[in-house]
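Accompanying notes for the structure given below.
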Amino acid sequence: MEKDWYKRMCFYQIWIRSFYDGNGDGIGDLYGVYEKLSYIKSLGVDGIWFSPLYPSPNADYGYDISDYRNIHPDYGNLTIFRKVLSHAHELGLKVIMDLVVNHTSDEHPWFIESKKSRDNEYSDYYIWRDGKHGKLPNNWDSLFEGKAWEYVPERDQYYLHIFAKKQPDLNMDNPKVRQEVKDIMRFWLDMGVDGFREDVITFISKKDGLPNGLSFIPIANGMPHYKDGPHIHEYLEEFRQVCDEYDCFQLGEGPMTTTKSALSYMAGESKTLDLMFHFDHMMADCLFTEYIQRPFRLKRLKKAFSKWQHALAGKAWNTLYLENHDHPRIISRYGSEEYIRESGTMLAVCYLFQQGTPFIYQGQEIGMTNIRLKSIDQYIDVSSKNNYHTFHVKDSIEKRMERIHASSRDSSRTPMQWDDTENAGFTTGKPWFYVNPNYVDINVKREEQEADSILNFYRKCLAFRKQSDVALWGNYREYYKHSGKIYMYEREWQGNYLLVICSFAKHPVSFRFPKSEREKDWKLELCNYQDTSVEEGIREMKLREYEARVYSSVN
Ligand code: GLC
Ligand code: CA
């Protein structure tokens, strides 16, 4: 039986530390999530993806795990987790957990043992190498913090860390490590979780011999040797078997993945992953990482969207997202902070009606924007700090801070804005991180009350999407590919159509309606401006700032 329930779903992502504080210590937690489950349900989503909830020294805010079978004391314990899980299920919400197994924390008991000597039970759990003639084992850079190797005197060896120093890479070639992963999966599946989002899963198999990378590529020079490595499919096949014992699905994160490589996981007979997160459409205003910025170009965004829609059509299923805990807020990037409501609603339309399973990141549904802190010392994200101190160091502090404002992962990790009381109603204590001062205007309470708010617009979009076979299953066709202002696509299913029109312009634009579409009998289903008449301009169309419309036509 094909497990395809996830194709009909929409997920809400929770980055718990900033979601809602239920016990007043300033840190978001599962007590808070429990209280807000009915809010999440009210959005019209069908499931929750939890970024890591596990014990962690927080060198990378949960993505450095020190115990895979527990809940971080800041967030609660297994009892409250079980309560959240069962209440979510009662509400008809699925729950997926983050599975972070490319690396652990250096404070995980496996690593603490492993680094003690070359011949203990855990010595082969990580990737240890001797130095080469007094130098590092190879020339790889880490993605987060300097070189990818760290020396440990007890073993007189180096361990590999593709991310931060406190995130040593597991040795997945060791069958015992793979057994551990499978046991961890069973632990959570037995408790009743419905699936996993698998962190940088395409990195877990490293090329034999760990050859040097191309030295002129900064930061990612080793990537060709650890991305889609030689045994990745075998390893994922093993994990898949565990999932197949349950009604579970797997979503793999594939940084820098291509459509071809994504299909090698998601299509064909040995389908190891159901869904994948790719990054292509997150590069419309940057190159490789948000820290290397370039002006936003709609054409780049549309090209990425259409490429994935076409490449996966009939073969695999897309994952749709515009935000998560790794990217700055989308309005601040592809929309406009001057037109928060208009661009926030338009951005919702532009991706929610493509074919695929959409994800919404906490705060996106109310139009939260990037925070701008004054000094680099106020930022806490390990990769932001590293970028600041590594790249363009000769530029003025102002210029470098501008880059940080536009790129930092902290921008989307500020506390969720619930109302306009102190600390945005996130906590009754002192919030663990800065609250964006715009909470006075942008908050859940206010948007609940305003019929045309971003929040209520998301609800309308999701409700419409859910009952529309065309939105769920329809084929995708793009119009006006070369326009730098308008993104327009059609979905078709069994002779029924949806037409999605989005303006990315800060000023009104008019354009001619495509000839092939003029004859159809269009009905306006959704629009982010109120006073749109249905008859208006089906030959000649005028769109206001960041206007978005969805039309349907049934046979
Ligand atoms: C993924 C996570 C990110 C984390 C990194 C290392 O990209 O989404 O937050 O820092 O992996 O685990
Ligand atoms: Ca708390």
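It should be emphasised that the depicted structure is a prediction, and the values quoted were computed from it without experimental measurement. Both ligands and their constituent atoms are indexed starting at 1 by order of listing.
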Note to self: Check contact between Glu198 and ligand 1, using heavy atoms of the residue and a distance below 4.0 angstrom.
What the structure shows: no
- Query: Does any donor atom in the side chain of Asp64 or Ser56 lie under 3.5 Å from an acceptor atom in the other side chain?
  - Reply: yes
Quick note on ligand 1: atoms under 4.0 Å from a heavy atom of His103 include exactly 6 (C), 12 (O)
Any heavy atom of Arg197 under 4.0 Å from ligand 1? The part involved is side chain
(Q) Is the distance between the ring centroids of Trp49 and Tyr321 under 6.0 Å? (A) no
The atom name of the N, O or S atom in Asp25 nearest to the Ca ion (ligand 2) is OD1
(Q) Aromatic contact between His327 and Phe279, with the criterion being ring centroids under 6.0 Å apart: yes or no? (A) yes
- Query: Is it true that the side chains of Glu180 and Tyr125 contain a donor and an acceptor less than 3.5 Å apart?
  - Reply: yes
Checking Ile27, Thr427, Asp21 against Trp432 for side-chain contact (heavy atoms from CB on, under 4.5 Å), the one that qualifies is Ile27
For Glu253, the atoms of ligand 1 under 4.0 Å from one of its heavy atoms are 1 (C), 7 (O), 8 (O), 11 (O)
Closest to the Ca ion (ligand 2), among the N/O/S atoms of Asp29, is atom OD2
Atom 8 (O) of ligand 1 has as its nearest protein heavy atom Asp326 OD2, 2.5 Å
Ligand 1 to Arg409, heavy atom cutoff 4.0 Å, flagged ligand atoms 3 (C), 4 (C), 9 (O), 10 (O)
With a 4.0 Å cut-off on heavy atoms, does Tyr61 reach ligand 1? no
Per-atom filter on ligand 1: closer than 4.0 angstrom to a heavy atom of His325 are 2 (C), 3 (C), 8 (O), 9 (O)
- prompt: Is the distance between the Ca ion (ligand 2) and the nearest N/O/S atom of Ile27 smaller than 3.0 Å?
  reply: yes
Near Asp60 (heavy-atom distance under 4.0 Å), the atoms of ligand 1 are 4 (C), 5 (C), 6 (C), 10 (O), 12 (O)
### Query
Under 6.0 Å between the ring centres of Tyr126 and His103?
no
Centroid-centroid distance, Phe111 to His108, less than 6.0 Å:
no
Against the six-membered ring of Tyr159, is Lys115 placed for a cation-pi contact (under 6.0 Å from the centre, within 45° of the normal)?
no
Would Lys36 and Trp418 count as a cation-pi pair here, with the cationic atom under 6.0 angstrom from the ring centre and within 45° of the axis? yes
In Asp21, the N/O/S atom nearest the Ca ion (ligand 2) carries the name OD1
When you check the gap from the basic side-chain N to the acidic O, do Asp326 and Arg413 get nearer than 4.0 Å?
yes
Among non-hydrogen protein atoms, atom 11 (O) of ligand 1 lies closest to Asp199 OD1, 2.9 Å
ask   = So, Asn23 and the Ca ion (ligand 2): N/O/S under 3.0 Å, yes or no?
value = yes
Within 4.0 Å of some non-hydrogen atom of Phe144, the atoms of ligand 1 are 10 (O)
